[in-house]
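Sequence lines set the chain letters: A, B, ... in the order given, protein chains first and strands last, and positions in each chain run from 1.
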Amino acid sequence: MGDLHRTHTCGELTKEDVGNEVVLMGWVRRRRNLGGLLFVDLFDRHGLTQVVFRPDDDPEIFARAEHLGAEYVIGARGEVMARPEGTVNTDLPTGEVEVHVAELRVLNASETPPFVMEEPLKASDELRLEYRFLDLRRPHMQRLIEARHKAALATRKYLAGNGFLEIETPILAKKTPEGARDFIVPSRVHRGKVYALPQSPQLYKQILMVSGCDRYFQIARCLRDEDLRADRQPEHTQIDMEMSFVTEDDVFGVAEGLMTAIWREAAGVTIETPFPRLTYREAMDRFGSDKPDTRFGMEIVDLTDLLGETEFNVFRSTIEGGGTVKCLNAVGCGGWSRGEIDRREALAKKWGAKGLAWTKPVDGALQGGIGKFFSEKETAAVRERAGAAAGDLLLFVADARKKTNEILGRLRIALRDDLDLVPEGRLNFLWVTDFPMFAWNEDSGSWEAEHHMFTMPRPECIDLLETDPGQVLGRLYDLVLNGVEIASGSIRIHRRDIQERVMAVVGITSEDAERRFGFLLKAFDYGAPPHGGLAPGLDRIVMLVTGEDSIRDTIVFPKSYRGISLMDGSPSEAEPAVLDELGIRFVEPPDEESRDRDSG
RNA sequence: GGGGUCGUAGUUCAGUUUGGUUAGAACGCCGGCCUGUCACGCCGGAGGUCGCGAGUUCGAGUCUCGUCGGCCCCGCCA
């Protein structure tokens, strides 16, 4: 840089600076060479300033400016000038001024970028990830990075202000008790033994409560060795928190305050608290989902009590067999063709429905489809219950209660997307509570923890642990925003006896328990306080705060769909000497093909 | 583990259904002209192993098989 020293960023010059000499440093984005006049858009993280070169001012500098390439890094000294009448760019914060360059320093040249740095970007995800350093240089990505920083900063400020301590827990950990596969790190010193990378700091934070830390948080990396999805990365970040001597209401209060702070600081948006609450049972019955999108209505309508005697055999026999009949009122879809209805039936069948019955309300009747099977009384009752009016379309599913709810719930979301039912700008936060503790796994023929096994059962359910696990509700809660689960937590078990009973339900013997979680049970024996917590997912929160539709770009260096980092090429092979030292030998050596995948 | 879809110039794509001359467009890049642009404009130019391999055919970007890679879904997964 020589004797040049930056005086301003590219985003801050205004009319006030006219007449001053400044030094800007940044990246050359677009050049507009008009022959006797040359403009360069000079970018940095803070914005863009137009710099001007004229042969009349200095022919030598102008000649060099003509050879500036895209993404060259330059320093430019010059005078801030007001733009001439009629050439002000009102779209730009710096649009009233420009810098006339008296000294130009090329700090570094750049290869021609593999994609044009413009919005909207025309580049595949693959290319963007390979050249992530360029991708991140775009203003759009800079904004996401900044939003994430603001969300994290708001989190620290808010939680610290509410008595939380930020505490780091180990990355090299004991195998975690949750369902996913662990990433494993072999120990060199203890040949044959491994650490696991934590899926969450769950056990550590509970032990911190036993240690009397009272209120803990950590912006924690969580790692899982499972297959990826669009919204799932092998490592994600949670705002992990835990509190002693609390009930659900205390946790909700803190979480609502935290969400308010994050949305205020990162998006400038005010959100309303307290958030509404729904039990799991109600969420499933009304929305067919444990993370309901309540930004639109079209709730699931239960018709079981109305149709027990109906002439339509499918419904009657389902109800006689203990099942349910429910419907969705697709408001305004009465004009749908047979083909359009059939397409939805195919979807429903893919999700496990036996069929998708339909009928169309007309004045005082139900016409088409199964409408003809309904008596006058049933027609009136169904119409009323569903709030059906002429021009609507009723879609029915008859099956076991759980299955009916799930299918209609998925159909409801599909209709949301097809019919564009969501009003812009809504933020519907919602607590879902009282989840069941256990689910029966058909394949293994055993009970499994729905969430995790450290959740306290609701007091009235504790005695069902041994007799009817399926009926046991946990002190579990999820925070849902616009149909996306953004946090999950529970009041935990803090007593050994209850913990051992819960473990027994999921088939963990006391020897198993001692070997895997003995340290936690031992801690419970030494004065564990009642405690509970929550873990909001930072990636998803940033996604929703910024209006992105994927968590991919809220993470600076994400993995590709197959878990590969396209920029640095991880995972890569370990050198034989490294494996030797660890005492590891792969059963099947990597084949030649995968070693040399430059063919594509 | 199963399924879908895509792979053509530096980039984003068209062309593949129905095999047939020299594989096109836009942006970018290079050269020329241009003193108020901000997606500058105008003129010209270079740039392709149609992912890779095998097969069918007189002839393959196009059809078949295999393979590699990207994205997406199910399984799995807080």
Is [X] close enough to [N] that one of its side-chain N or O atoms is under 4.0 Å from OP1 or OP2 there?
| X | N | value |
| --- | --- | --- |
| A:Thr87 | B:U37 | no |
| A:Arg229 | B:C74 | yes |
| A:Arg32 | B:U37 | no |
| A:Arg552 | B:G70 | no |
| A:Tyr561 | B:C73 | yes |

Open item on the list: Rounding to an integer number of angstrom, what distance separates B:U35 and B:G41 when you compare their C1' atoms?
Closed with: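 So the two C1' atoms sit 13 Å from each other.
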Open item on the list: When the C1' atoms of B:C68 and B:G53 are compared, how many Å lie between them, rounded to an integer?
Closed with: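 Their C1' atoms lie roughly 10 Å apart.
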Task: Aromatic contact, A:Phe435 with A:Tyr477 (centres under 6.0 Å) - done: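 Not close enough - the centres of the two rings lie 6.0 Å or further apart.
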TODO: Verify the ring-centre separation between A:Trp431 and A:Phe252: is it less than 6.0 angstrom?
DONE: yes
Open item on the list: With the criterion set at under 5.5 Å between ring centres and under 30 degrees between planes, would B:U37 be stacked on A:Phe39?
Closed with: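 Per 5.5 Å and 30° rule: yes, stacked.
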- [ ] Using atom CD of A:Glu66 as one end and atom C1' of B:C33 as the other, report the distance to the nearest whole Å.
- [x] 12 Å
Open item on the list: Classify A:Pro114 by what it touches in the nucleic acid, base, sugar-phosphate, or nothing, heavy-atom distance under 4.0 Å.
Closed with: sugar-phosphate
